[in-house]
Asker: 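I'd like to ask some things about the structure below.
Residue numbering restarts at 1 for every chain, and letters A, B, ... go by the order of the sequence lines.
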Amino acid sequence: MLITITIDGCEVSVPKGTSILEACRMHDIQIPTLCYDPELTSDGACRLCVVQIEGNHNLPPACRTTVWQGMVVQTQSPKVRAARKTILELLVANHPLDCMTCQKMGNCFLAEYAYDYGVTGEIYQGEKRKLPIDDGNPFILRDPNKCILCGKCIKACSQIQGKSILDYSFRGFNMQVSPAFNLPYNESDCDFCGSCVSVCPVGALTEKHMVGKGRPWEIKKVQTTCPFCGTGCNFDLNVKDGKVIGVTSNPDAPVNGKALCVKGRFGTDMIHSPNRLTTPLIKKDGVFVPAEWDEALDLVATKFQEIKNNYGADAIAALSSARCTNEDNFVMQKFMRAVVGTNNIDHCART
Amino acid sequence: MTNSINEIPNTKLMFVIGSNTTEAHPVIGTKMKQALANGAKLIVVDPRETQLAEYSDLYLRLRPGTDIALINGMMNIILANGWENRAFIEERTEGFDEKFLETIAKYPPEVASQITGVPVDQLVEAARLYATTDPAQIFYTLGITEHTYGTDNVMSLANLALLTGNLGKESSGVNPLRGQNNVQGACDMGALPNVYPGYQPIVSPAAQAKFEAAWGVSLSPKPGFMIPDMFEAAHSKNLLALYVFGEDPVLTDADANHVRKGLEALDFLVVQDIFMSETAKLADVVLPGASFAEKDGTFTNTERRVQRVNQAIKPIGNSKPDWEIICELATRMGYPFTYQSPADIMLEVASLAPQYAGVTHGRLENHGLQWPVLSCDHPGTKFLHEGTCTRGKGLFMPIENQEPNESPDAEYPFLLTTGRKLAHYNVMTRNSAALETYSPEELAEINPADAKRLGFQDGERVHVKSRRGELDTKIVITERVPEGVVFMTLHYLETPTNVLTNGAYDKVTKTYEYKVCGVQISKIS
Ligand code: SF4
Ligand code: SF4
Ligand code: SF4
């Protein structure tokens, strides 16, 4: 059933049960939020998505308010913008302003909204946190000083990954989000799936190996399919200057959404491993000697032809690859069947 | 899989047997945990107490290799209590006859319990939960198939699903989780000795005629060698040349020493890979392929979803996309392969394999399609066997319990079972510096009672020996494995577990018995 509401003077129709925030997103109306994610439950923690509803005195969070027939919503009224600005001023007051060197720059929601709302960090002056950075594991860098306590990582860990590694600890000014007892990640039971990193709106959680490797505007993202198991997760390869510098979640991935595991999210550095083979090799007197493609391919073709002529096609076999693409495998079996002339083709279907 | 991965969070019961899902298929593992959060029940059957077992409502620690006795026992209990789905059996199945019932009658709870080591009350509870919860799904992996009677294990699970009607519905079916990223696709593409692309049998004259017409050559009607046959044939000089593409059988195939000798006996070995694998070291010619980031194409995942692989960077160094290398070889051997791109190749696949008839790279976009995709406007298939099974009616097969090819004995008293761990994928991820720092070495698991008896300390290096080979490995002492069982992985070149494993294989699929063999363990003097 569709419901008609008015947002900023425009009539729109949305399904019953939709929140105001979702209704706005469906119609490309921007509402700032630091804690909402379509894959997670909403609890209105950041209160940045407040809106004004006609006939309603307070400003309810759009993520927690369901639409009703005839609702009239203002998303950018002065009152709304003032409320949001106060929230942002308070957040920035206790946030380091080292944006120039922050890995999240260009991708940081706090910075984006601060810019939009003219937040300077000068209104509220106070003590800033000086907490140690957790970099004791190879994958995730946690800078608690940048954490805005939105709680998204906590929900990602429990609702996506089904673990409960992260939680709030301490109170008031000292509040932190971290593994239990404020232990570093590598002393917790963490699986290093990185779901927490994928939802963090600021630079508090970042991919360790991507630090210093590139800025969002320099990075080309290429969606692809993970090569490490049969689940078939999709993710974005982050490419800069012809090099893969890391992986980020692609929320549109059909199987997995933002979820990945440690292999998919952090294992693609094997692409640029120094151990990669970069040239054909021919063994001469027991040692490999680099060769040109023509020489290597001619040798293989001649040898196969020779063996086929002298001993029959069935003296040749191929092991194809469950790691390579369908197209690679199709061509391989056609090569063996139609060119060599044998059905001696198999692959490790069984491992 | 007959079902889809995203049906998992909505299922009511998961029966997970022989699958270390949270480590081998981590994101499927997270979907299972989401189902638990939604109130589903979980039964885990595994000799090793996996992480998933810790989340389970019921954990059955069976003796390795006794799956059939366990499943027959559950079916015995289901029938004794009238929990079977009579309507489903009548309408949708055949073979529910005297012979089948006689077989099941041989496994009353006490007998099943005695064979499997699982207490009777757990068997009853598992049977009750599975039979009376709707929808219920079965998941299995190599713990079921990597036995000399793997095919029978699988048929046994099919019996259980048929008996209870847990099949052919949303969130209900029998789901093998395929291990390697494109093992489903490699099978679909006909990288098998007995079928053309789309599972069309080599021995079918009609299929042969179809492919001969398409490819313009005459084709051999004789099924080819399966992997174990290849190494045998190499030993006996019936096979002279082998072209190994993106696999490392020296590390990943059972009885590695035997495999290595087979490869050494060849006249000519070509290896095409992205790394200098153990197998590549033995090669006469090594051809550098491109990684998934350097080529276009598709992978087909365990839920039959064909998805795009998109080129992100140029091939490293002087390497080339694998399909191009193979095309160049074909052309040099007098049959020009003139494909311009992987998309071009997929057009030919679609014209030959009915399951892929409607698959084109363009249609896949960023969401993929689940086969069968029967035509250009067919939307793909979320779950199989709706209404009818692929073969018409579901067939009950009487299956008896069997013993592994090599069980522990006085000389080799420990049972070695093998598997994967979270941080690595076969042998390739060892080249990831990040994963390597995190998980740098083999840690064989051994039970505290055994460790105490043998005087082993946690982290000690010990010597492991089987009838086929021996090695040294570091150990971790843990209750995850029962007494008498040792668990090792296949990820580490320095600890090549497969020198120990048994090369005996399933009579139909020729899958090696990686899951059970006898070993002895001793201190390093
Ligand atoms: S990496 Fe995964 S398991 Fe670890 S804290 Fe983050 S979400 Fe939780
Ligand atoms: S670490 Fe990031 S996601 Fe977690 S609470 Fe802090 S800001 Fe939010
Ligand atoms: S990200 Fe992990 S679970 Fe997903 S396909 Fe890759 S290896 Fe498998």
Asker: Spell out the residues in residues 189-199 of chain A that have some non-hydrogen atom less than 4.5 Å away from a non-hydrogen atom of chain B, in order of number; otherwise answer 'none'.
Answerer: A:Cys190, A:Asp191, A:Phe192

Asker: Using residues 282-289 of chain B as the side-chain source, report each donor-acceptor pair under 3.5 Å to any protein atom, sequence neighbours left out, with the distance given to one decimal.
Answerer:
unit_1	atom_1	unit_2	atom_2	d
B:Asp284	OD2	B:Leu269	N	2.8

Asker: When you measure from the side chain of B:Asn181 to the backbone of A:Gly230, do you find a donor-acceptor pair of N or O atoms at a distance under 3.5 Å?
Answerer: no

Asker: Does the A:Asn343 side chain pair with the main chain of B:Lys222, one donor and one acceptor, at a distance under 3.5 Å?
Answerer: yes

Asker: I'd like to check A:Thr225 versus B:Asn301 (side-chain heavy atoms, cut-off strictly below 4.5 Å). Are they in contact?
Answerer: no

Asker: Who among A:Gly286, A:Gly341, A:Gly242, A:Ala338 has the most heavy-atom pairs with chain B under 4.5 Å?
Answerer: A:Ala338

Asker: What part of A:Tyr311 is in contact with chain B, defined as an atom under 4.5 angstrom from a non-hydrogen atom: side chain, backbone, both or neither?
Answerer: side chain

Asker: Between A:Ile316 and B:Tyr243, is there a side-chain heavy-atom distance shorter than 4.5 Å?
Answerer: no

Asker: Tell me, do B:Phe225 and A:Ile345 make a side-chain contact under 4.5 Å, heavy atoms counted?
Answerer: no

Asker: Would you say the side chain of A:Cys324 lies within less than 4.5 Å of the side chain of B:Lys295, judging by non-hydrogen atoms?
Answerer: yes

Asker: Could you pull out the closest heavy-atom pair between B:Leu219 and A:Arg337, with the gap in Å?
Answerer: CD2-O, 3.5 Å

Asker: Out of curiosity, B:Ile5 CD1 to A:Asn256 CG, how far, rounded to the nearest 0.5 Å?
Answerer: 8.5 Å

Asker: Please state whether the side chain, the backbone, both or neither of A:Asp236 comes within less than 4.5 Å of a heavy atom of chain B.
Answerer: neither

Asker: Pair A:Arg276, B:Asp273 - check salt bridge (Lys or Arg N to Asp or Glu O under 4.0 Å), show working.
Answerer: CA-CA 9 Å; A:Arg276 279 287 301 272; B:Asp273 208 321; over 6 Å; no

Asker: Measure A:Val222 against the heavy atoms of chain B and call it side chain, backbone, both or neither at under 4.5 Å.
Answerer: side chain

Asker: Using a cut-off of 6.0 Å, state whether more than 12 heavy atoms not belonging to B:Glu212 lie near its atom CD.
Answerer: yes

Asker: If we define contacts as heavy-atom pairs under 4.5 Å, which of A:Ile307, A:Ile160, A:Ile282 has the most with chain B?
Answerer: A:Ile160

Asker: Is chain B contacted by the side chain of A:Asn250, its backbone, both, or neither, given a heavy-atom distance below 4.5 Å?
Answerer: neither

Asker: Select one option (side chain, backbone, both, neither) describing which atoms of A:Asp314 are under 4.5 Å from chain B's heavy atoms.
Answerer: both

Asker: Taking the side chain as every heavy atom from C-beta outward, state whether B:Arg308 and A:Thr224 have any atom pair closer than 4.5 Å.
Answerer: no

Asker: Please state whether the side chain, the backbone, both or neither of A:Thr302 comes within less than 4.5 Å of a heavy atom of chain B.
Answerer: neither

Asker: Contact between B:Ser220 and A:Thr342 at the side-chain level, heavy atoms closer than 4.5 Å - yes or no?
Answerer: no

Asker: Please classify the contact of B:Pro249 with chain A as side chain, backbone, both or neither, using a heavy-atom distance under 4.5 Å.
Answerer: side chain

Asker: If the threshold is 4.0 Å, N to carboxylate O, is there a salt bridge linking B:Asp267 and A:Lys303?
Answerer: no

Asker: Pair A:Asp294, B:Arg332 - check salt bridge (Lys or Arg N to Asp or Glu O under 4.0 Å), show working.
Answerer: CA-CA 10 Å; A:Asp294 277 336; B:Arg332 277 179 165 77; 2.5 Å; yes

Asker: Could you check whether any side-chain heavy atom of A:Asn344 comes within less than 4.5 Å of a side-chain heavy atom of B:Pro193, counting everything from C-beta outward?
Answerer: no

Asker: Can you name the one residue among B:Phe337, B:Phe211, B:Tyr196 that meets side chain to side chain contact (heavy atoms under 4.5 Å, CB included) with A:Lys334?
Answerer: B:Phe337

Asker: What part of A:Lys220 is in contact with chain B, defined as an atom under 4.5 angstrom from a non-hydrogen atom: side chain, backbone, both or neither?
Answerer: side chain

Asker: If I compare all heavy atoms of A:Leu237 with all of B:Ala312, which pair ends up nearest, and what's the gap?
Answerer: CD1-CB, 3.8 Å

Asker: Measure distances from B:Met333 to the heavy atoms of chain A and classify the residue's part below 4.5 Å as side chain, backbone, both or neither.
Answerer: both

Asker: Indicate the atoms forming the closest heavy-atom contact of B:Leu192 with A:Asp346, along with that distance.
Answerer: CD2-OD1, 3.7 Å

Asker: Any heavy-atom pair between the side chains of B:Phe292 and A:Thr325 that's under 4.5 Å?
Answerer: no

Asker: Tell me, side chain or backbone of A:Val255 under 4.5 Å from chain B's heavy atoms, or both, or neither?
Answerer: both

Asker: Is it true that a side-chain atom of B:Gln307 and a backbone atom of A:Gly232 form a donor plus acceptor pair closer than 3.5 Å?
Answerer: yes

Asker: Find the distance between CD (B:Glu247) and OG (A:Ser321) and round it off to the nearest 0.5 Å.
Answerer: 5.0 Å

Asker: Measure distances from A:Ile271 to the heavy atoms of chain B and classify the residue's part below 4.5 Å as side chain, backbone, both or neither.
Answerer: both

Asker: So which of A:Thr268, A:Leu260, A:Asp269 has the biggest tally of heavy-atom pairs under 4.5 Å with chain B?
Answerer: A:Asp269

Asker: Describe, in one word, how the ring planes of A:Phe330 and B:Trp215 are oriented to each other, choosing from parallel (under 30°), tilted (30 to 60°) and perpendicular (over 60°).
Answerer: perpendicular

Asker: If we ignore hydrogens and angles and just use 3.5 Å, is the side chain of A:His347 paired with the main-chain N or O of B:Ala191 as donor and acceptor?
Answerer: yes

Asker: Any luck finding a side-chain donor-acceptor pair between A:Asn326 and B:Asn182 under 3.5 Å?
Answerer: yes

Asker: Which answer fits B:Asn238, side chain, backbone, both or neither, if we ask what part of it has an atom under 4.5 Å from a heavy atom of chain A?
Answerer: backbone

